[in-house]
Amino acid sequence: MPEEAARPGDVRWDDGLIARRANDPSAFADDDVSLLADEPHSPVGGAYAAPLRARLGALRELVGLSRTRLDGRALDEADRVLGEAAARQRLSSQHTVVAIAGATGSGKSTLFNALAGVPISETGLRRPTTSAPISLSWSDGAAGLLDRLAIPSRLRRRPLAGGSGDEALQGLVLVDLPDHDSALTVHREQVDRVLALVDAVVWVVDPEKYADAALHERYLRPLSGHAEVTFVVLNQIDRLPGDAADQVLDDLRRLLDEDGIALGEHGEPGATVLALSALTGEGVGELRDLLGRFVQDHTAAARRISADVDAAAKRLRSLYVADGHPGLGERARDDFTARLAGAVGAKAVGEEAERQWRRNAGRACGTPWLRLWRWYERVRTPGGGLPQPPEPVEEELTARQRVEQAVRTVADEAAHGLPVPWAQAVREAAVRGAEGLPEALDELAVTLGTPSPRPPRPTWWPAAVLAQAAMTLLQIYGGLWLLGQIIGVLEPMLVPPVLLMLGGIVGGPLVEWACAAAAKGPARRYGQDAERRLKEAAAACGRAKVLDPIAAELLRYREVREQYVTVSRR
């Protein structure tokens, strides 16, 4: 039936259920109960306080930085909290939405009516009694909040007692929920949906079911971080004789403590626990006063969002908090560089360069007779004068397996202690970067691993060559001198030519030995330079392809870790 607009002084009830229960229509004054169907909504939400804004901003950054690294389902709760925080901020900050929740027969609808001063929510023996959320607003401007809760306009009410002049509860929006343990699935779904959106919750329990596992395990324990926006009311104390109410209340506090819910006692922040009887009115006034102070504080929405952020941070902890101090230390970098140098054969290249430098020195400073003998040996050996084919290579130039092992080792070292998703991201970055690394090292080995056929010569080499040539000339001159004496061309004089020949014969090897001794240092340095150049080139290649991507992933993790620290700290 379409809802008709209410004329001034002519307020209609369009809820047939309430109309049936109103045996005497004159009991309700025209201005006591009004519908909120056509109430305009103005976005009057205010900004959150700076600490909460910082936490929400950090959570937003955290989600953005993690989107491509984590499973999207892991971020669903954080996305929900951000969405709800933004939606709540756009709505009235002068209103506080408080839900009244409870099990079947706990008397929550009776308490709802007692706070309203009018039987708005149906009570009775039929279960479940409340089939849909019903709202009760003490002031205007809450339409947007009720639209967010999807409460139809026909179920939006105003209180009877005090009307709009009840200053203590101005800004309160009370919502009566269906039973959380209802046999109907749709009722439980409505409870879960509304509980995720309201600013605070009043849990109504009775002496028989206050320890019900469904309440504690499904709701109170998971929402233990929302203690500051939680009220737990022990109803129906009029049924308990003597001091039984105090005993039940103490046991209820014990159960809440086991659930991890902080109790707001002695002025400390936490859940409010009290006993009352909605039927007789005992303790209802105290609850009204507590709700009044709670609403006038205007911080319930922010505290609820802050608690939601806490819960999201707790769920995300295993994805961002490392066991130790992960990172890529100098030792791991040096070990990776050493492994690449070994794979590319930098040490062997250096040793070959040193040997070639010495051979070149031997050719320049050695005696000519020794060089002639070596040449003769090469020629006399079959095929010795021909270029020899290279020996077969048993393994790849850069030892691909050693390169892959080096990459795995450095990736495992960098990922050690990281949460599983980030450790996986580090390893994947290393594997992607290592694609083509063996081929690049092969090219380096070819270009830098082949020693120059003519190594640079030190400044003393010309003098050594001249000295060796002088020793050779002395031998030749002494020999010719003796030959001339033998054939009678020259006057016999045996000692001088013999001494000249002996000087040349002994001096040549001495010069060669001195040059070989003097060449050790330059040859070693030349080999070390060749090894260093190849090692540095291999290290630069490995750094660009593997270490830099790993460092980028670790930097991203440190960024999200810093954001998570901001999110998790109030």
- Message: Does either side chain, that of S137 or that of R157, offer a donor lying less than 3.5 Å from an acceptor on the other one?
- Response: no

- Query: With no hydrogens and no angle check, is any side-chain donor or acceptor of R288 less than 3.5 Å from a backbone partner on L115?
  - Reply: yes

- Item | T104-D181 side chain donor-acceptor pair, cut-off 3.5 Å | yes

- Query: Would you say T272 and V232 make side-chain contact, with heavy atoms under 4.5 Å?
  - Reply: no

- Message: Under 4.0 Å between a side-chain nitrogen and a carboxylate oxygen: does that hold for D412 and R408?
- Response: no

- Please identify each residue that fulfils side-chain hydrogen bond (donor to acceptor under 3.5 Å, both in side chains) with Y320, with sequence neighbours left out. S66

- Item | Contact check, side chains of V410 and D335, non-hydrogen atoms, under 4.5 Å | no

- Message: More than 12 heavy atoms of other residues, nucleotides or ligands under 6.0 Å from CZ of R80: yes or no?
- Response: yes

- Side-chain ion pair, K108 and D206, N-O less than 4.0 Å: no

- Message: Under a 4.0 Å threshold between the charged nitrogen and the carboxylate oxygen, would E413 count as salt-bridged to R331?
- Response: yes

- Item | Whether N235 side chain and A278 backbone form a donor-acceptor pair below 3.5 Å | yes

- Residues R556 and L65: closest non-hydrogen pair is NH1-O, 3.0 Å

- Mark yes or no for whether S182, through its side chain, and L184, through its backbone, hold a donor-acceptor pair below 3.5 Å. yes

- Going by distance alone, is a donor N or O of one side chain under 3.5 Å from an acceptor N or O of the other, for D176 and S109? yes

- Message: Under a 4.0 Å threshold between the charged nitrogen and the carboxylate oxygen, would R88 count as salt-bridged to D308?
- Response: no

- When rounded to the nearest 0.5 angstrom, what distance separates CZ in R317 from OG in S568? 7.5 Å

- Query: Is the closest side-chain heavy-atom distance between D310 and R55 below 4.5 Å?
  - Reply: yes

- Over all atoms of both residues, closest heavy-atom pair of L149 and V175: CD1-CG2, 4.0 Å

- Can you list the residues that meet the side-chain hydrogen bond (donor to acceptor under 3.5 Å, both in side chains) rule with E208, with sequence neighbours excluded? R239

- What residues form a salt bridge (charged side-chain N to carboxylate O under 4.0 Å, His left out) with R543, not counting sequence neighbours? none

- Query: Could D179 and R188 be called an ion pair, given the rule that one side-chain N must be under 4.0 Å from one carboxylate O?
  - Reply: no

- Tell me, do L59 and Y564 make a side-chain contact under 4.5 Å, heavy atoms counted? no

- Item | Full working for side-chain contact (heavy atoms from CB on, under 4.5 Å) between S106 and K209 | CA-CA 8 Å; S106 62; K209 301 171 67 175; over 6 Å; no

- Message: To check you understand the geometry: which heavy-atom pair defines the closest contact between L274 and G283, and what is its length?
- Response: CD1-O, 4.2 Å

- What's the spacing between F336 CZ and R333 CZ if we round to 0.5 Å? 10.5 Å

- Could you tell me which residues satisfy side-chain hydrogen bond (donor to acceptor under 3.5 Å, both in side chains) with E286, sequence neighbours excluded, listed by chain and number? none

- Query: Side chains of I100 and V201: does their closest heavy-atom pair fall under 4.5 Å?
  - Reply: no

- In Å and rounded to the nearest 0.5 Å, what is the CG to CD1 distance from D199 to I305? 8.0 Å

- Using the test side-chain hydrogen bond (donor to acceptor under 3.5 Å, both in side chains), find all partners of S277 that sit at least two apart in sequence or belong to another chain. D238, T280

- Query: With a 4.5 Å limit on heavy-atom distance, are the side chains of L418 and V426 in contact?
  - Reply: yes

- Message: Other residues, nucleotides and ligands only: do more than 12 of their heavy atoms fall within 6.0 Å of NE2 on H216?
- Response: yes

- Message: I'd like to know if R221 and E258 make a salt bridge, using a cut-off of under 4.0 Å between side-chain N and carboxylate O.
- Response: no

- Could you pull out all residues at least two apart from P421 that satisfy side-chain contact (heavy atoms from CB on, under 4.5 Å)? L70, L319, P419

- Are any of the side-chain heavy atoms of P178 and V191 separated by less than 4.5 Å? yes

- Note on the structure: Residues A78 and V63: closest non-hydrogen pair is CB-CG2, 3.8 Å

- Give the minimum heavy-atom separation between A143 and R156, together with the two atoms involved. O-NH1, 3.9 Å

- Hits for salt bridge (charged side-chain N to carboxylate O under 4.0 Å, His left out) against E217, two or more places apart or cross-chain, chain-then-number order -> none

- Message: How long is the straight-line distance from CD of E84 back to CG of D79, given to the nearest 0.5 Å?
- Response: 11.5 Å

- Apply ring pair (Phe, Tyr, Trp, His ring centres under 6.0 Å) to F231 and list each qualifying residue two or more places apart in sequence or on a separate chain. F294

- Task: Show your working on side-chain contact (heavy atoms from CB on, under 4.5 Å) between T96 and V173 and close with a plain yes or no.
- Result: CA-CA 6 Å; T96 301; V173 179; over 6 Å; no

- If you count the non-hydrogen atoms of other residues, nucleotides and ligands that lie under 6.0 Å from CZ in R193, is the total more than 12? yes

- Item | Reference residue L174; test side chain to side chain contact (heavy atoms under 4.5 Å, CB included); the match among I134, L136, L111 | L136

- Query: What's the spacing between L145 CG and Q94 CD if we round to 0.5 Å?
  - Reply: 11.0 Å

- Query: Taking side chain as C-beta onward, heavy atoms only, is L279 less than 4.5 Å from Q236?
  - Reply: no

- Query: Got a sec, which residues hit side-chain contact (heavy atoms from CB on, under 4.5 Å) with A430, two or more places apart in sequence or on another chain?
  - Reply: V407, A411, V546, I550

- Query: Out of curiosity, L82 CG to E77 CD, how far, rounded to the nearest 0.5 Å?
  - Reply: 10.0 Å

- Query: Partners of Q296 by side-chain contact (heavy atoms from CB on, under 4.5 Å), sequence neighbours excluded?
  - Reply: Q170, H298

- Task: Mind listing the closest non-hydrogen atom pair of W203 and L195 along with its distance?
- Result: CH2-CD1, 3.7 Å

- Task: Check the pair L223 / I261 against side-chain contact (heavy atoms from CB on, under 4.5 Å), numbers first and verdict last.
- Result: CA-CA 8 Å; L223 294 175; I261 297 179; over 6 Å; no

- Query: Under a 4.0 Å N-O cut-off, is there an ion pair linking R218 with D192?
  - Reply: yes

- Could I get the full list of side-chain contact (heavy atoms from CB on, under 4.5 Å) partners for E189, not counting sequence neighbours? T185

- Item | Sidechain-backbone polar pair: R304 side chain, V198 backbone, donor-acceptor under 3.5 Å | yes

- Can you list the residues that meet the salt bridge (charged side-chain N to carboxylate O under 4.0 Å, His left out) rule with D251, with sequence neighbours excluded? R254

- Message: Within the 3.5 Å criterion, strictly below it, is a donor on Q424 or E428 matched to an acceptor on the partner's side chain?
- Response: yes

- Message: Using a strict threshold of under 4.0 Å (side-chain N to carboxylate O), is an ion pair present between D76 and R73?
- Response: no

